[in-house]
Number of protein chains: 2
Amino acid sequence: MPSPLDLGGDVVDLLRALIDIESVSGQETAIADQIEAALRPYAHLSVVRDGNVIVARTDLSRSERVVIAGHIDTVPIADNVPSSTTGTGDEAIVWGRGSCDMKGGVAVQLSVAAALTAPTRDVTWIFYDNEEVEEELNGLNRIAREHPDYLHGAFAVLCEPSNAGIEGGCQGTMRLMVELEGVAAHSARSWKGHNAIHDAGAVLQLLADYQARHVEVEGLTYREGLNAVRITGGIAGNVIPDRCSIEVNYRFAPDKSPAQAEAYLREVFAGFPVRITDVAAGARPGLDQPAAAEFLAAVGGQASAKFGWTDVARFSAMGVPAVNFGPGDPNKAHADDEFCPAADVYSCREALLRWLG
Amino acid sequence: MPSPLDLGGDVVDLLRALIDIESVSGQETAIADQIEAALRPYAHLSVVRDGNVIVARTDLSRSERVVIAGHIDTVPIADNVPSSTTGTGDEAIVWGRGSCDMKGGVAVQLSVAAALTAPTRDVTWIFYDNEEVEEELNGLNRIAREHPDYLHGAFAVLCEPSNAGIEGGCQGTMRLMVELEGVAAHSARSWKGHNAIHDAGAVLQLLADYQARHVEVEGLTYREGLNAVRITGGIAGNVIPDRCSIEVNYRFAPDKSPAQAEAYLREVFAGFPVRITDVAAGARPGLDQPAAAEFLAAVGGQASAKFGWTDVARFSAMGVPAVNFGPGDPNKAHADDEFCPAADVYSCREALLRWLG
């Protein structure tokens, strides 16, 4: 067992210690044990361990409760553990798997949870497993199913990397298949068949000509997208293809429900055989909530829209508005050269202290 | 060793005997041995064995020589050897691997070669191996390279199945790849990339709108075709694809050379990145040759254009006009329920006797 996590020390040292405990999805027990052991001594927190999820709450009977959550798993190691640093002080960069996605955020959570003995709002700190894998395994998803009360709050912050800025809500995502059927024939006698790949031309032209919406929701501008992400058709160099399948991904702003998104796509693809294969609802940014407004003021700067889908949508589905806010560049998540600037970690920590202190 | 082939008996019995000697491509030695042994006793034929190719020639110093060729290999057995028959006499159907493609034609060749001791034209009978596999192995191709003199003649008949009618020449075939490149991006931020699959829309619309030529060559009408036969693009459901490849097959009438076909396609696809991957020249039907005209008269009926590519193109490349003429329905070639009508076998045999007798 490595030395215990020191929640009262430097938050960047804490980040390095967290990286050094490998926690690829499915193997989070060691890091969950360490987090639980580090939180238990704090009398202002009541700590619950549920599988590899840890929930630590203040119970000060404040008028409002906020939830601050982060996942403790990472994608597989790429020869980037243990951690390393370059530079010093505020210029330091911390390198290693999970530095960005999202042990930087977890370090901020732990450090602030320990420091804030009497926050102005009650806080539920959540540390969960299996975010990087199938939805059924996702720890936050499991808690939402089995203990929805743990997630209750007026507002939620997910400490996913956002360059230490606030990214509000998230877009929804829907996948569909356009499955075209033709009639096979030898390509030397093509008029005896019907070419399903040729029929795909009209679908792809529609997509090429499509003008995606820019939508303002609660002051944030979301950019939608409608794209073919895969196409496949044909079985041999001398056969007129009788099948062609196009997989399309629709990213839709959080002003649309999944049902509205589906109805819209069925209209866009009217006349083509369409099958919806996958959907995840978006999340409104919730920036019209008082807790959010004060959070924005504490952080400073301008909130921006989150385009990718994140677990904020799980809070949104439970009626809890949520934003992403954490150290590190989301473009470095999962990269072999994943890193997190120390300055981001410090500034996120200070922003949370300003908001809740 | 099975009983020797009887070239003087019933041609349908001979067909059954040929089917019963398995001769999947690459395993033609047994059938080649039998054919050689059966031809050697005929004093009017000089027989050469070269690998598993057998060439049997009359040398009567006629003013003209014709070549009549057929392959002795088959695609793999599908539980359809030994042969069987249903019906009797002219109504009989012979079932089994190779019955249609093309031991019916080989039986006709052998029967007529034996019977015609003094043909009105000198005849070169060719029996060759490895037609159903890669071009480099093709026995006729090898002979064309090593002994082009064996293939010399004013006219050639390839006894491939043609429902006992004359199919003249063959179309050429060219394959090309249209390889579109884009810029990858996460599909939640699609505007940072460029979708290569969307670019395929214009190519497919061009193909969908394309009007293929109907071309008359020496009295036969060829129907061209330009078709996408395969398309592939995309790597994941959340990535804007940076590549999309379309494989296109052009079947062109024998009035065009491969170079002309390529120049034409480069014009059709002007502006798109095109790479030619494969080409086989077509063959003119040669029906303007006197030998062909007399052949047509002997066979009767109407000649039609051959759309698929066959080895007649090898003769054509050597300046020898060639047609397909043999028993059996080409649509049954390679089928598990491959068969050949006895009536086709008899009528092809009689037509050759009328022409050369």
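The residue among G225(B), S190(B), G233(B), A208(B) with the most heavy atom pairs within less than 4.5 Å of chain A is G233(B). Between chain B and the residues A196(A), A236(A), A212(A), C170(A), the largest count of heavy-atom pairs under 4.5 Å involves A236(A). Of the listed residues (A200(B), G234(B), A188(B)), the one with the most heavy-atom contacts under 4.5 Å to chain A is A188(B). Per-residue counts of heavy-atom pairs under 4.5 Å with chain A were compared for K306(B), H198(B), E247(B); the largest is that of H198(B).
Rounded to the nearest 0.5 angstrom, N195(A) CG and L207(B) CG are separated by 8.0 Å. Here NE2 of H214(B) is found 7.5 Å from CH2 of W191(A). Values are rounded to the nearest 0.5 Å.
For a residue to count as touching a neighbouring chain, one of its non-hydrogen atoms must lie under 4.5 Å from one of that chain's; by this rule D278(B) does not touch chain A. For L206(B), no part lies near chain A; criterion is any non-hydrogen pair under 4.5 Å. Heavy atoms closer than 4.5 Å to chain A are found in both the backbone and the side chain of R230(B). Only the side chain of Q171(B) comes within contact range of chain A, judged by heavy atoms closer than 4.5 Å. When heavy atoms are compared at a cutoff of 4.5 Å, N227(B) approaches chain A by way of both its backbone and its side chain. Using a 4.5 Å cut-off between heavy atoms, R175(B) touches chain A through its side chain atoms alone. Interface remark: L226(B) contributes backbone atoms only to the contact with chain A (heavy atom separation under 4.5 Å).
Pairing each heavy atom of R251(A) with each of N238(B), the nearest pair is NH2-CB, 3.6 Å. The heavy-atom pair separating C244(B) from I231(A) by the smallest distance is SG-CG2, 4.1 Å. Between N331(B) and R189(A), the closest heavy-atom pair is OD1-NH2, 4.2 Å. Shown here for S187(B) and V229(A), the closest heavy-atom pair between the two residues is CB-CG1, 4.4 Å. Taking each heavy atom of P241(B) and A228(A) in turn, the nearest pair found is CD-O, 3.3 Å.
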(request) Please test L204(B) against Q205(A) for side chain to side chain contact (heavy atoms under 4.5 Å, CB included), starting from the C-alpha separation and ending with a verdict. (result) CA-CA 9 Å; L204(B) 299 185; Q205(A) 277 296 15; over 6 Å; no
